[in-house]
Amino acid sequence: MTSFKEKVIAIVQSAPYGKVVSYGQVAAYLGMPRGARQVGWILNATENSPGLLPWWRVVNNVGYLSIRGTKYHDKKLQRKLLVSEGVKVSEDFLLPMSVYRYRPSIDELKKFQLGKEYVDFLITKYRL
DNA sequence: ATAATGACATGTT
DNA sequence: TAACATGCCATTA
């Protein structure tokens, strides 16, 4: 069972310590370039199994912590966790994507089992 | 089955 | 620049 949810988890887990990834990126690496919103949905509904899912490394495309506050997580905690990893997040919950965006290598992308042409598309989109 | 609800992204005003 | 509108699709009710 390689459900959407499991893929989301796998991709988010690939985001390294001290880096962040956008919802759109996660969706794109899933092979669903317009599924950003669904990624957020999954994270919102998934209870954080301690240490298994680095949900705090997912932000929106402009570097803003767009989480509104849910039963499991909240914006302030996310900021705290990111800061603890060395990511500089401003008081208004904004961080510079140009500095912290996770840019997977080609090999890492292959791990997600995507077609060659699609990989090329991702490269132009996120300038890997 | 159908409709409503989002931790989004992008294009247009 | 910032606000608004629209497309998106997994999940729930």
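None of these values were measured; they are calculated from a predicted model. Sequence lines set the chain letters: A, B, ... in the order given, protein chains first and strands last, and positions in each chain run from 1.
Checked by atom type, the side-chain pair A:Tyr102/A:Glu108 shows a donor-acceptor distance below 3.5 Å.
Of the candidates B:dT10, C:dA10, B:dA7, B:dT10 carries the atom nearest the A:Asn61 side chain, counting heavy atoms from C-beta on. Of the candidate nucleotides B:dA7, B:dC8, B:dG6, B:dC8 has the atom nearest to the side chain of A:Ala36. For A:Ser22, whose side chain is taken as the heavy atoms from C-beta onward, the closest listed nucleotide among B:dA9, C:dC9, B:dT5 is B:dA9. Considering only side-chain atoms of A:Arg37, the nucleotide from C:dC8, B:dA9, C:dC9 that sits closest is C:dC8.
At a threshold of 4.5 Å between non-hydrogen side-chain atoms, the residues A:Thr46 and A:Leu53 count as touching.
Nucleic acid contact for A:Tyr23: base, since at least one base atom lies under 4.0 Å from a heavy atom of the residue. A:Gly35 comes within 4.0 angstrom of no nucleic acid atom, judged by non-hydrogen atoms across all strands.
Looking only at distances, a side-chain donor or acceptor of A:Gln78 sits under 3.5 Å from a matching main-chain atom of A:Trp56. Checking side-chain atoms of A:Lys88 against main-chain N and O of A:Pro96 turns up no donor-acceptor pair under 3.5 Å.
For the OP1/OP2 pair of B:dA7 and a distance below 4.0 Å, the side-chain nitrogens and oxygens of A:Asn60 include no atom meeting the criterion. Taking only side-chain nitrogens and oxygens, A:Lys125 comes nearer than 4.0 Å to OP1 or OP2 of B:dT10.
As a whole-Å value, the separation of A:Ile42 CD1 from B:dG6 P is 15 Å.
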